Amino acid sequence: MKRIACTILALLAAALMASPAAAQKKPIVIGAALALTGNLADSGEHVRKAFVLWQEEVNAKGGLLGHPVEVKIYDDRSDGATAARLYERLITQDKVDLLLGPFGSASTSTATAVAEKHKRVFMNVAGASQSIHKRGFKYIFQVLPPITEYGAGVVPLMHQQGYKSMMIVTRDYAASRDMVDFWKVNAPRQGIEIKSIDFYPAGTSDYSNYIAKAKAQNPDAWISIAYPNESVEMVKQFKAAGYAPRMFVSQGVSQEDFLQALGKDAEYSMGMSPYEHTLPTRGNKEFVKAWVLKYKYLPGYYAAFGYGACKVLEEAVKKTGSLDQDKLRDTLSKLETETAFGPYKVDPQTGEQIAAKAVIVEILGGKREVIWPEKFKTAKTVLPYPAWDKRP
Amino acid sequence: MKTLLELLLNGILLGGVYALMACGLNLIFGVMRVINFAHGEFLTIGALATYSLCVTFKLPFWMALLVVPAVMAVLGYAMQVTLIARVINAPMIMSLLLTYALSTVLVNIGLYIYGGGFKGIPGLLTGSVQVMGVGLSEARLVAFGVALGVSLAVFAFLKKSLFGKAIRAVSQEPEIASISGISVERVRNATFALGAAMAGLAGVLIAPIYAADPQMGSRFLIKVFAVVVIGGMGSYGGAIAGALLLGVVEVLGGYAFGQMAGSAVVYLVMIAVLLVRPRGLFGVGVRA
């Protein structure tokens with residue numbers, strides 16, 4: 001109830017702030033279903049906040065094509081089937097003008113199928129799985145980078161540091177298999193040997209067997225596509241076993257949970273991140289400032305996905321000058337721009353994002369610092385990952 | 001050789017925590033023939049409560065060790081009296097549905113309060129101890145010691161004390177126990193409270209080892225079910241033996257065949273036990 005009341009108030013406030021010309025016109029309604037309850041609710045909430053922030057901003061500037069903007073958000077309960085049903089409803093019953101995507105690959109997969117069936121332009125806000133853009137759909141445009149971009153920097157970074165071997169220990173799911181295929185091709189080209197590749201099933205919480213293997217193989221780098229909790233458990237078990245690779249990179253390191261759960265032991269771990277609030281991307285400073293003012297915490301990458309998607313859609317609509325879905329589709333497939341989140345450019349055949357790149361961060365002094373690529377560096381890399389008895 | 005020793009010790013330590021959970025589950029099954037699907041969530045509540053006590057309220061860990069099981073016992077008692085007691089004599093599907101529903105409700109309350117993220121306790125028992133040249137995690141040693149200690153203490157309580165004997169009597173023959181003047185209802189209430197407290201304690205013990213989240217319960221419960229099936233439904237000693245065996249099989253299997261196949265080995269052992277000895281290694285079977 002409280003949330004609904006807040007939304008209504010926010011809408012009223014937004015309507016009042018809008019310029020008089022816009023206020024008199026019928027609003028442009030943008031529909032989305034987000035994970036507001038269920039297991040992805042935490043993450044979905046950041047995207048919802050991003051949509052709301054953008055809505056206020058765009059209405060304060062006179063709306064879109066002279067109309068005020070209203071973002072209509074349903075709750076897909078973190079469930080793909082529910083997401084499909086809700087997008088069907090948004091399109092056929094609510095007759096919304098534009099669509100923004102849901103949170104997560106599962107809901108995005110089903111929702112995109114509905115949008116494509118109705119020939120409706122659909123912004124893929126937070127569906128990283130590559131399969132989403134491999135189905136020949138023509139109306140789906142990806143804003144976040146595809147998963148293989150997340151770990152792309154690992155190989156050049158290792159090459160730069162003169163490291164020669166890696167061991168891959170990774171959670172088993174479609175996205176990580178895409179990532180591993182990428183490394184299998186790219187690591188040997190830089191003279192880096194992959195000593196072993198292990199996929200562990202979801203729910204694994206004991207890594208002692210991999211640590212035993214790592215001690216025997218002695219690879220330079222331990223590379224993981226692991227959730228934050230799994231990354232935390234890896235580091236705890238490294239410490240307990242007195243094991244330290246020369247470089248430790250895991251995807252989950254780039255999330256706040258990792259830092260808070262480990263405290264000092266998080267230091268020198270590296271993570272893969274598609275967005276950091278320190279990046280010098282276009283409008284990022286203003287976005288971070290507005291976000292912190294409104295929500296009192298720093299935006300993470302889910303927030304940036306949501307905001308970036310809105311900005312790309314806004315620009316495309318302005319450029320097209322109408323809400324005609326086919327014209328809008330043509331604009332989006334050719335558009336090249338940059339938002340706070342990063343650059344936007346898609347493969348016109350698949351709608352897959354090809355310009356956005358992820359960065360590599362290292363935990364230094366209790367903060368995530370960007371250490372790769374060179375042009376975004378906020379701190380100097382500290383390598384090797386120090387042995388546990390050599391740490392202050 | 002050293003690798004083997006390291007794996008073996010790690011496996012045994014892993015088994016200790018499974019033991020504590022499996023014992024509570026088995027105790028409840030033994031006395032009531034109720035399979036508690038919400039047992040994993042009792043563990044989750046224990047772990048998240050420990051996070052709140054140690055991180056949010058900055059209380060020492062030993063406080064959590066004392067407070068959380070006590071609170072869980074009260075919570076378990078309340079659930080037993082208000083809900084579980086109603087379905088004990090009903091067909092088993094009723095208690096399965098009830099505890100499953102309870103599990104879903106508890107998970108979502110957890111998500112509502114803590115969100116979907118992962119909660120860890122920084123700097124708690126992160127050191128390691130050298131045992132025969134192998135570095136073992138302090139957190140795991142503490143968990144193993146406390147878990148096994150408590151499991152054995154409860155075991156002794158069941159064997160020696162009058163109330164323990166009453167629990168065993170109700171487990172074996174509720175009707176005769178009742179004729180002999182034992183209050184079956186009281187025994188059942190106490191057993192469920194005890195089982196919940198043990199799962200809560202297991203939660204406290206794993207809080208320093210793993211990052212906790214509201215959905216962690218099912219990850220552990222599946223393995224604990226395997227432990228119980230291997231050790232024997234309703235058998236207390238069987239649960240301890242099964243847990244240690246499964247811990248070792250999991251770690252060794254994971255090393256030898258990779259984690260994917262390693263996890264399968266655990267369930268292959270379970271199937272083998274079911275084929276050869278359907279009631280489990282020490283099981284009591286279904287009451288006629």
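Computed from a predicted model, the values in this text were never measured in an experiment. In what follows, chains carry the letters A, B, and so on, assigned in the order in which the sequence lines appear, proteins first and then strands, with residues in each chain numbered from 1.
Judged purely by atom type and a 3.5 angstrom limit, A:Arg391 uses its side chain to pair as donor or acceptor with the backbone of A:Pro386. A:Ser165 places a side-chain N or O within donor-acceptor distance of the main-chain N or O of A:Asp220, the cut-off being under 3.5 Å.
A:Glu230 and A:Ser224 share no side-chain donor-acceptor pair at under 3.5 Å. There is no side-chain donor-acceptor pair under 3.5 Å between B:Thr99 and B:Asn36. Using modelled atom types and a 3.5 Å distance limit, the side chains of A:Tyr307 and A:His46 yield no donor-acceptor pair. Counted by atom type alone, A:Gln255 and A:Tyr301 present one or more donor-acceptor pairs between their side chains at under 3.5 Å. When only modelled atom types and interatomic distance are considered, A:Ser129 and A:Ser105 share no side-chain donor-acceptor pair under 3.5 Å.
Contact annotation for B:Leu7: only side-chain heavy atoms (C-beta onward) come within less than 4.5 Å of a heavy atom of chain A. At a 4.5 Å heavy-atom cutoff, A:Tyr207 makes no contact with chain B through either its backbone or its side chain. Of the two parts of A:Lys264, neither the backbone nor the side chain holds a non-hydrogen atom closer than 4.5 Å to a non-hydrogen atom of chain B. With a 4.5 Å cut-off on non-hydrogen atoms, B:Leu14 touches chain A through its side chain but not through its backbone. Contacts between B:Ile209 and chain A at a heavy-atom distance below 4.5 Å involve the backbone alone (N, CA, C, O). When heavy atoms are compared at a cutoff of 4.5 Å, B:Ala264 does not approach chain A at all. Only the backbone of B:Pro208 comes within less than 4.5 Å of a heavy atom in chain A; its side chain stays farther off. Contact of B:Thr3 with chain A is made through the side chain alone, with heavy-atom distances under 4.5 Å. A:Asp265 touches chain B through its side chain: at least one heavy atom from C-beta onward sits under 4.5 Å away, while N, CA, C and O do not.
A:Asp257 and B:Lys119 are not joined by a salt bridge, as no carboxylate oxygen comes within less than 4.0 angstrom of a charged side-chain nitrogen. Salt bridge status for A:Asp206 with B:Lys223: absent, with no side-chain N to carboxylate O gap under 4.0 Å.
The residue among B:Arg140, B:Glu250, B:Met216 with the most heavy atom pairs within less than 4.5 Å of chain A is B:Arg140. Ranked by heavy-atom pairs under 4.5 Å with chain B, the first of A:Tyr200, A:Trp388, A:Phe258 is A:Tyr200. In terms of heavy-atom pairs under 4.5 angstrom with chain B, the leader among A:Thr204, A:Asp198, A:Val232, A:Ile211 is A:Thr204. Comparing A:Ser196, A:Ser43, A:Pro201 by how many heavy-atom pairs each has under 4.5 Å with chain B, the most go to A:Pro201. When A:Lys239, A:Lys215, A:Gln237, A:Glu256 are compared by the number of non-hydrogen pairs under 4.5 Å with chain B, A:Lys239 comes out ahead. Per-residue heavy-atom pair counts under 4.5 Å with chain B were compared for A:Ser208, A:Gly263, A:Ala216, and the maximum is reached by A:Ser208.
Stacking of A:Arg171 on the aromatic ring of A:Phe199 is not recorded, the 6.0 Å distance cut-off and the 45° axial limit not both being met. Cation-pi geometry between A:Arg246 and A:Tyr385 is not met: the NZ or CZ atom fails to fall both under 6.0 Å from the ring centre and inside 45° of the normal.
The six-membered or imidazole ring of A:Tyr210 lies away from that of A:Phe238, with a centre-to-centre distance of 6.0 Å or more.
Using the six-membered ring where Trp is involved, A:Trp222 and A:Tyr243 have ring planes that are tilted, between 30° and 60° apart.
Among residues 42-52 of chain B, no residue has any heavy atom closer than 4.5 Å to a heavy atom of chain A.
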